[in-house]
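To keep things clear, I will list the structure first and then write my remarks on it.
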Amino acid sequence: MHEYSLACEIFETVIATAHNNKALAVNSIELEIGRLTHVNADQLLFCLEVLSRDGIAKGVKIDVNFVSPCGECECGYRGDAGVSDNVRCEDQPPLYEYTGLTCPTCGKLLQLVGGNDLIIQTIDIEI
Amino acid sequence: MKLERGSIMLMHVVNINKDVLKANNELAYSNRKLLVKNRIFAMNIMGAIGSGKTTLIEEAINSLKERYRIAVIAGDVVAQMDASRFEKLGVRTVAANTGRECHLDAKLVERSLADIDLEDIDILFIENVGNLICPVDYKLGEHVRIVVVSVSEGDDTVLKHPMIFRTSDLAIVNKVDISEAVSADPSKMKADIEQLNPSIPILLTSRNDRVSIDRWIEYIESHIE
(Lines give C-alpha, C1' and ligand atoms only; values in the text may rest on other atoms or scores of the structure.)
Protein backbone atom coordinates (compact mmCIF):
# COMPACT_ATOMS: atom_id res chain seq x y z
CA MET A 1 0.00 0.00 0.00
CA HIS A 2 1.95 3.03 -1.18
CA GLU A 3 -0.99 5.38 -1.75
CA TYR A 4 -0.20 7.27 1.45
CA SER A 5 3.34 8.14 0.37
CA LEU A 6 2.10 9.13 -3.10
CA ALA A 7 -0.56 11.30 -1.44
CA CYS A 8 2.12 12.95 0.72
CA GLU A 9 4.23 13.72 -2.35
CA ILE A 10 1.22 15.16 -4.20
CA PHE A 11 0.20 17.18 -1.16
CA GLU A 12 3.69 18.61 -0.62
CA THR A 13 3.85 19.73 -4.26
CA VAL A 14 0.38 21.28 -4.07
CA ILE A 15 1.13 23.19 -0.87
CA ALA A 16 4.54 24.38 -2.12
CA THR A 17 2.98 25.61 -5.38
CA ALA A 18 0.20 27.33 -3.45
CA HIS A 19 2.70 29.11 -1.21
CA ASN A 20 4.83 30.16 -4.19
CA ASN A 21 1.72 31.77 -5.67
CA LYS A 22 0.84 33.42 -2.33
CA ALA A 23 -2.43 31.48 -2.16
CA LEU A 24 -4.91 31.99 0.67
CA ALA A 25 -6.70 28.75 -0.10
CA VAL A 26 -6.55 25.74 -2.43
CA ASN A 27 -9.98 24.99 -3.88
CA SER A 28 -9.31 22.05 -6.12
CA ILE A 29 -6.65 19.69 -7.42
CA GLU A 30 -6.81 17.99 -10.80
CA LEU A 31 -5.05 14.63 -11.06
CA GLU A 32 -4.46 12.29 -13.97
CA ILE A 33 -4.17 8.57 -13.19
CA GLY A 34 -3.10 6.06 -15.83
CA ARG A 35 -5.22 2.96 -15.79
CA LEU A 36 -2.20 0.66 -15.94
CA THR A 37 -0.70 1.97 -12.70
CA HIS A 38 -1.52 0.07 -9.54
CA VAL A 39 -2.62 3.28 -7.85
CA ASN A 40 -5.98 2.76 -6.17
CA ALA A 41 -7.85 6.03 -6.71
CA ASP A 42 -10.23 5.56 -3.77
CA GLN A 43 -7.36 4.99 -1.35
CA LEU A 44 -5.37 7.89 -2.81
CA LEU A 45 -8.34 10.26 -2.45
CA PHE A 46 -8.93 9.12 1.11
CA CYS A 47 -5.28 9.81 2.01
CA LEU A 48 -5.46 13.26 0.36
CA GLU A 49 -8.65 14.02 2.31
CA VAL A 50 -6.93 13.10 5.56
CA LEU A 51 -3.91 15.29 4.70
CA SER A 52 -6.11 18.27 3.82
CA ARG A 53 -8.24 18.36 6.97
CA ASP A 54 -6.46 21.50 8.18
CA GLY A 55 -4.58 24.38 6.59
CA ILE A 56 -5.01 26.21 3.32
CA ALA A 57 -6.18 23.12 1.44
CA LYS A 58 -8.95 22.35 3.92
CA GLY A 59 -11.92 20.78 2.12
CA VAL A 60 -10.10 20.75 -1.21
CA LYS A 61 -12.02 19.19 -4.11
CA ILE A 62 -10.08 16.56 -6.03
CA ASP A 63 -10.89 15.80 -9.65
CA VAL A 64 -9.47 12.66 -11.21
CA ASN A 65 -9.06 12.07 -14.94
CA PHE A 66 -8.37 8.44 -15.77
CA VAL A 67 -6.24 7.84 -18.83
CA SER A 68 -6.42 4.58 -20.78
CA PRO A 69 -3.42 3.08 -22.51
CA CYS A 70 -3.31 3.02 -26.27
CA GLY A 71 -3.40 -0.41 -27.88
CA GLU A 72 -0.89 -1.15 -30.63
CA CYS A 73 -0.53 -4.27 -32.74
CA GLU A 74 2.25 -5.45 -35.04
CA CYS A 75 -0.35 -5.68 -37.84
CA GLY A 76 -0.54 -1.89 -37.77
CA TYR A 77 -3.71 -1.47 -35.73
CA ARG A 78 -3.61 1.43 -33.29
CA GLY A 79 -6.52 2.45 -31.10
CA ASP A 80 -7.75 3.42 -27.70
CA ALA A 81 -7.59 0.39 -25.44
CA GLY A 82 -10.49 0.40 -23.09
CA VAL A 83 -13.41 2.36 -21.80
CA SER A 84 -13.95 6.11 -22.02
CA ASP A 85 -12.10 8.40 -19.64
CA ASN A 86 -13.49 10.32 -16.71
CA VAL A 87 -15.58 7.46 -15.39
CA ARG A 88 -16.00 7.17 -11.64
CA CYS A 89 -13.37 5.33 -9.56
CA GLU A 90 -15.53 2.29 -8.93
CA ASP A 91 -16.01 1.87 -12.66
CA GLN A 92 -12.27 1.46 -13.21
CA PRO A 93 -12.02 -1.89 -14.96
CA PRO A 94 -9.67 -4.48 -13.53
CA LEU A 95 -6.17 -4.51 -14.97
CA TYR A 96 -6.76 -8.00 -16.25
CA GLU A 97 -9.24 -6.71 -18.83
CA TYR A 98 -6.57 -4.44 -20.26
CA THR A 99 -3.83 -7.04 -20.25
CA GLY A 100 -6.05 -9.53 -22.08
CA LEU A 101 -7.11 -7.16 -24.85
CA THR A 102 -6.65 -8.52 -28.35
CA CYS A 103 -6.38 -6.73 -31.67
CA PRO A 104 -9.80 -6.23 -33.32
CA THR A 105 -8.14 -6.60 -36.73
CA CYS A 106 -5.96 -9.70 -36.39
CA GLY A 107 -6.70 -11.12 -32.93
CA LYS A 108 -3.15 -10.92 -31.53
CA LEU A 109 -2.47 -9.66 -27.99
CA LEU A 110 -2.35 -5.84 -28.03
CA GLN A 111 0.77 -4.02 -26.86
CA LEU A 112 -0.25 -1.34 -24.37
CA VAL A 113 1.37 2.09 -24.63
CA GLY A 114 0.91 4.80 -21.99
CA GLY A 115 -1.51 4.73 -19.08
CA ASN A 116 1.42 4.52 -16.64
CA ASP A 117 1.40 8.04 -15.23
CA LEU A 118 0.27 9.76 -12.07
CA ILE A 119 0.21 13.47 -12.85
CA ILE A 120 -0.72 16.53 -10.80
CA GLN A 121 -2.19 18.60 -13.61
CA THR A 122 -3.50 21.86 -12.11
CA ILE A 123 -4.57 23.38 -8.84
CA ASP A 124 -7.20 26.04 -8.40
CA ILE A 125 -6.23 28.57 -5.73
CA GLU A 126 -7.53 31.76 -4.18
CA ILE A 127 -5.07 34.63 -4.06
CA MET B 1 -13.63 36.09 -8.72
CA LYS B 2 -15.70 35.74 -5.57
CA LEU B 3 -16.36 37.89 -2.51
CA GLU B 4 -15.60 36.58 0.94
CA ARG B 5 -15.60 38.41 4.29
CA GLY B 6 -15.59 41.75 2.56
CA SER B 7 -12.33 41.25 0.72
CA ILE B 8 -11.88 40.37 -2.95
CA MET B 9 -10.37 36.94 -3.57
CA LEU B 10 -9.18 35.93 -6.99
CA MET B 11 -9.51 32.40 -8.26
CA HIS B 12 -6.43 31.29 -10.09
CA VAL B 13 -5.59 28.04 -11.84
CA VAL B 14 -1.93 27.02 -11.62
CA ASN B 15 -0.53 24.46 -14.04
CA ILE B 16 1.72 21.99 -12.25
CA ASN B 17 1.88 19.08 -14.68
CA LYS B 18 4.20 17.06 -12.44
CA ASP B 19 4.35 13.30 -12.94
CA VAL B 20 4.78 11.82 -9.47
CA LEU B 21 5.99 8.43 -10.77
CA LYS B 22 8.32 9.94 -13.40
CA ALA B 23 10.74 11.24 -10.76
CA ASN B 24 11.45 7.60 -9.88
CA ASN B 25 11.93 6.65 -13.51
CA GLU B 26 14.47 9.44 -14.03
CA LEU B 27 16.44 8.27 -11.02
CA ALA B 28 16.22 4.69 -12.29
CA TYR B 29 17.71 5.88 -15.57
CA SER B 30 20.68 7.45 -13.78
CA ASN B 31 21.16 4.22 -11.76
CA ARG B 32 21.19 2.29 -15.04
CA LYS B 33 23.83 4.61 -16.52
CA LEU B 34 26.01 4.06 -13.45
CA LEU B 35 25.63 0.28 -13.75
CA VAL B 36 26.40 0.30 -17.47
CA LYS B 37 29.46 2.49 -16.93
CA ASN B 38 30.80 -0.07 -14.45
CA ARG B 39 29.85 -3.00 -16.74
CA ILE B 40 27.55 -4.53 -14.12
CA PHE B 41 24.64 -6.79 -15.09
CA ALA B 42 21.77 -5.98 -12.69
CA MET B 43 18.64 -8.03 -12.06
CA ASN B 44 15.51 -6.88 -10.23
CA ILE B 45 14.11 -10.05 -8.62
CA MET B 46 10.46 -9.52 -7.82
CA GLY B 47 7.97 -12.04 -6.53
CA ALA B 48 5.54 -13.18 -3.94
CA ILE B 49 6.40 -13.64 -0.27
CA GLY B 50 7.87 -17.11 0.21
CA SER B 51 8.15 -17.82 -3.51
CA GLY B 52 11.87 -18.60 -3.17
CA LYS B 53 13.53 -15.40 -4.38
CA THR B 54 16.26 -15.57 -1.74
CA THR B 55 16.91 -19.28 -2.35
CA LEU B 56 17.20 -18.82 -6.12
CA ILE B 57 19.67 -15.96 -5.60
CA GLU B 58 21.68 -18.09 -3.13
CA GLU B 59 21.84 -20.93 -5.68
CA ALA B 60 23.03 -18.50 -8.34
CA ILE B 61 25.66 -17.00 -6.04
CA ASN B 62 27.02 -20.45 -5.16
CA SER B 63 27.33 -21.37 -8.84
CA LEU B 64 28.73 -18.06 -10.06
CA LYS B 65 30.86 -16.60 -7.26
CA GLU B 66 34.09 -18.31 -8.33
CA ARG B 67 33.87 -16.77 -11.80
CA TYR B 68 32.20 -13.41 -11.18
CA ARG B 69 32.27 -10.69 -8.57
CA ILE B 70 28.79 -10.48 -7.11
CA ALA B 71 26.86 -7.99 -4.97
CA VAL B 72 23.34 -8.15 -3.57
CA ILE B 73 20.92 -5.43 -2.54
CA ALA B 74 18.48 -7.19 -0.21
CA GLY B 75 15.19 -5.36 0.04
CA ASP B 76 12.95 -5.94 3.02
CA VAL B 77 10.48 -3.87 4.98
CA VAL B 78 12.45 -4.03 8.22
CA ALA B 79 14.36 -7.29 8.69
CA GLN B 80 18.02 -8.17 7.98
CA MET B 81 17.43 -11.94 7.59
CA ASP B 82 17.84 -12.12 3.82
CA ALA B 83 20.90 -9.87 3.90
CA SER B 84 22.60 -12.10 6.48
CA ARG B 85 21.88 -15.17 4.32
CA PHE B 86 23.76 -13.55 1.43
CA GLU B 87 26.59 -12.28 3.64
CA LYS B 88 27.25 -15.86 4.76
CA LEU B 89 28.06 -16.69 1.13
CA GLY B 90 30.83 -14.10 1.18
CA VAL B 91 29.38 -11.61 -1.31
CA ARG B 92 29.02 -7.86 -0.88
CA THR B 93 25.56 -7.32 0.60
CA VAL B 94 23.60 -4.16 1.32
CA ALA B 95 20.34 -4.38 3.23
CA ALA B 96 17.81 -1.89 1.84
CA ASN B 97 15.05 -1.49 4.36
CA THR B 98 12.01 0.29 2.99
CA GLY B 99 10.61 1.04 6.45
CA ARG B 100 6.95 0.92 5.62
CA GLU B 101 6.92 0.75 1.85
CA CYS B 102 5.86 -2.29 -0.12
CA HIS B 103 8.49 -2.00 -2.85
CA LEU B 104 12.05 -0.84 -3.52
CA ASP B 105 12.36 2.42 -5.39
CA ALA B 106 15.17 3.97 -7.42
CA LYS B 107 16.18 6.28 -4.55
CA LEU B 108 16.78 3.36 -2.18
CA VAL B 109 18.78 1.58 -4.87
CA GLU B 110 20.81 4.73 -5.57
CA ARG B 111 21.70 4.91 -1.86
CA SER B 112 22.57 1.22 -1.77
CA LEU B 113 24.78 1.53 -4.85
CA ALA B 114 26.76 4.25 -3.06
CA ASP B 115 27.74 1.59 -0.47
CA ILE B 116 29.16 -0.78 -3.08
CA ASP B 117 32.54 -0.56 -4.84
CA LEU B 118 30.99 -0.77 -8.27
CA GLU B 119 34.31 -1.16 -10.09
CA ASP B 120 34.74 -4.50 -8.31
CA ILE B 121 31.37 -5.98 -9.30
CA ASP B 122 30.18 -7.94 -12.36
CA ILE B 123 26.71 -9.08 -11.27
CA LEU B 124 24.17 -7.32 -9.05
CA PHE B 125 21.11 -9.04 -7.66
CA ILE B 126 18.44 -6.67 -6.35
CA GLU B 127 15.94 -8.65 -4.30
CA ASN B 128 12.71 -6.69 -4.13
CA VAL B 129 10.18 -6.75 -1.28
CA GLY B 130 7.84 -9.77 -1.48
CA ASN B 131 4.93 -8.34 -3.45
CA LEU B 132 3.48 -8.93 -6.93
CA ILE B 133 1.82 -5.53 -7.26
CA CYS B 134 3.68 -2.43 -6.12
CA PRO B 135 7.17 -3.19 -7.56
CA VAL B 136 5.63 -3.08 -11.07
CA ASP B 137 5.29 0.72 -10.97
CA TYR B 138 8.88 1.33 -9.82
CA LYS B 139 11.85 0.84 -12.12
CA LEU B 140 15.17 0.63 -10.29
CA GLY B 141 17.73 0.87 -13.10
CA GLU B 142 18.01 -2.89 -13.60
CA HIS B 143 18.80 -4.57 -16.94
CA VAL B 144 16.20 -7.30 -16.50
CA ARG B 145 13.08 -7.68 -14.39
CA ILE B 146 12.50 -11.18 -13.11
CA VAL B 147 9.24 -12.34 -11.51
CA VAL B 148 9.23 -15.40 -9.24
CA VAL B 149 6.09 -17.22 -8.15
CA SER B 150 5.81 -20.65 -6.59
CA VAL B 151 3.15 -23.32 -6.90
CA SER B 152 2.34 -22.92 -3.21
CA GLU B 153 0.71 -19.52 -3.87
CA GLY B 154 -1.93 -21.39 -5.89
CA ASP B 155 -2.04 -21.91 -9.64
CA ASP B 156 -4.39 -18.94 -10.12
CA THR B 157 -1.80 -16.46 -8.83
CA VAL B 158 -0.55 -15.58 -12.35
CA LEU B 159 -3.88 -14.36 -13.67
CA LYS B 160 -4.49 -12.39 -10.47
CA HIS B 161 -1.36 -10.31 -11.08
CA PRO B 162 -1.26 -9.69 -14.84
CA MET B 163 0.87 -6.54 -15.00
CA ILE B 164 3.97 -8.01 -13.37
CA PHE B 165 4.01 -10.78 -15.99
CA ARG B 166 3.37 -8.31 -18.81
CA THR B 167 6.30 -6.11 -17.78
CA SER B 168 8.94 -8.71 -16.78
CA ASP B 169 11.77 -10.17 -18.87
CA LEU B 170 11.84 -13.62 -17.24
CA ALA B 171 9.19 -15.55 -15.29
CA ILE B 172 10.11 -18.32 -12.87
CA VAL B 173 7.58 -20.82 -11.47
CA ASN B 174 9.37 -22.25 -8.45
CA LYS B 175 8.91 -25.24 -6.10
CA VAL B 176 7.36 -27.33 -8.88
CA ASP B 177 8.42 -30.48 -6.99
CA ILE B 178 5.68 -29.87 -4.40
CA SER B 179 2.89 -29.15 -6.92
CA GLU B 180 0.91 -32.27 -6.08
CA ALA B 181 1.09 -31.63 -2.35
CA VAL B 182 -0.42 -28.15 -2.80
CA SER B 183 -2.86 -29.21 -5.58
CA ALA B 184 -1.40 -26.76 -8.10
CA ASP B 185 -0.77 -27.33 -11.80
CA PRO B 186 2.51 -25.70 -12.92
CA SER B 187 1.60 -26.25 -16.59
CA LYS B 188 -1.53 -24.10 -16.05
CA MET B 189 0.67 -21.39 -14.52
CA LYS B 190 3.03 -21.59 -17.51
CA ALA B 191 0.11 -21.38 -19.95
CA ASP B 192 -1.32 -18.37 -18.08
CA ILE B 193 2.04 -16.57 -18.28
CA GLU B 194 2.30 -17.33 -22.02
CA GLN B 195 -1.21 -15.96 -22.52
CA LEU B 196 -0.31 -12.69 -20.76
CA ASN B 197 3.12 -12.34 -22.36
CA PRO B 198 3.75 -14.61 -25.35
CA SER B 199 7.41 -13.59 -25.70
CA ILE B 200 8.63 -14.02 -22.09
CA PRO B 201 11.02 -16.88 -21.31
CA ILE B 202 9.67 -19.12 -18.53
CA LEU B 203 11.63 -21.40 -16.20
CA LEU B 204 10.05 -24.11 -14.02
CA THR B 205 12.41 -24.61 -11.10
CA SER B 206 12.95 -26.53 -7.91
CA ARG B 207 15.98 -26.36 -5.64
CA ASN B 208 15.94 -30.18 -5.59
CA ASP B 209 16.23 -30.40 -9.36
CA ARG B 210 19.78 -29.44 -10.32
CA VAL B 211 18.98 -29.31 -14.02
CA SER B 212 16.32 -26.65 -13.43
CA ILE B 213 18.70 -24.58 -11.31
CA ASP B 214 21.37 -24.87 -14.03
CA ARG B 215 18.92 -23.35 -16.54
CA TRP B 216 18.48 -20.38 -14.18
CA ILE B 217 22.26 -19.96 -13.98
CA GLU B 218 22.54 -20.23 -17.78
CA TYR B 219 19.95 -17.46 -18.16
CA ILE B 220 22.07 -15.14 -16.01
CA GLU B 221 25.34 -16.02 -17.76
CA SER B 222 23.78 -15.49 -21.20
CA HIS B 223 23.44 -11.80 -20.29
CA ILE B 224 27.01 -11.23 -19.16
CA GLU B 225 29.47 -9.77 -21.67
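With respect to chain B, the highest number of heavy-atom pairs below 4.5 Å among D124(A), I10(A), I120(A) belongs to I120(A). Between chain A and the residues Q195(B), K22(B), M163(B), the most heavy-atom pairs under 4.5 angstrom are made by M163(B). Of the listed residues (N15(B), D137(B), N25(B)), the greatest number of heavy-atom pairs within a distance under 4.5 Å of chain A belongs to D137(B).
Evaluation of the ring-ring contact (aromatic ring centres under 6.0 Å, His included) test over residues 15-60 of chain A, restricted to residues two or more places apart or in two chains, returns none.
Using a 4.5 Å heavy-atom threshold, the side chains of L109(A) and R166(B) count as touching. Residues L21(B) and L6(A) have side chains in contact (heavy-atom distance under 4.5 Å, counting atoms from C-beta outward). Considering only heavy atoms from C-beta on, K18(B) stays 4.5 Å or farther from I119(A) through its side chain.
Atom NE2 of residue H2(A) and atom SG of residue C102(B) lie 5.5 Å apart, to the nearest 0.5 angstrom. Atom-to-atom distance recorded for L112(A):CG and T167(B):OG1 is 11.0 Å, nearest 0.5 angstrom.
Considering V13(B), N17(B), V14(B) in turn, V13(B) is the only one that fulfils the side-chain contact (heavy atoms from CB on, under 4.5 Å) rule with T122(A).
For CZ of R215(B), the number of neighbouring non-hydrogen atoms (other residues, nucleotides, ligands) closer than 6.0 Å is 12 at most. Other residues, nucleotides and ligands place no more than 12 heavy atoms under 6.0 Å from the NZ atom of K190(B).
Looking at H161(B), neither its backbone nor its side chain comes within 4.5 Å of chain A, counting heavy atoms on both sides. Contacts between N21(A) and chain B at a heavy-atom distance below 4.5 Å involve the side chain alone, from C-beta outward.
Nearest heavy-atom pair across E126(A) and M11(B) is CG-SD, 3.8 Å.
Along residues 41-57 of chain B, no residue comes nearer than 4.5 angstrom to chain A, judged on non-hydrogen atoms.
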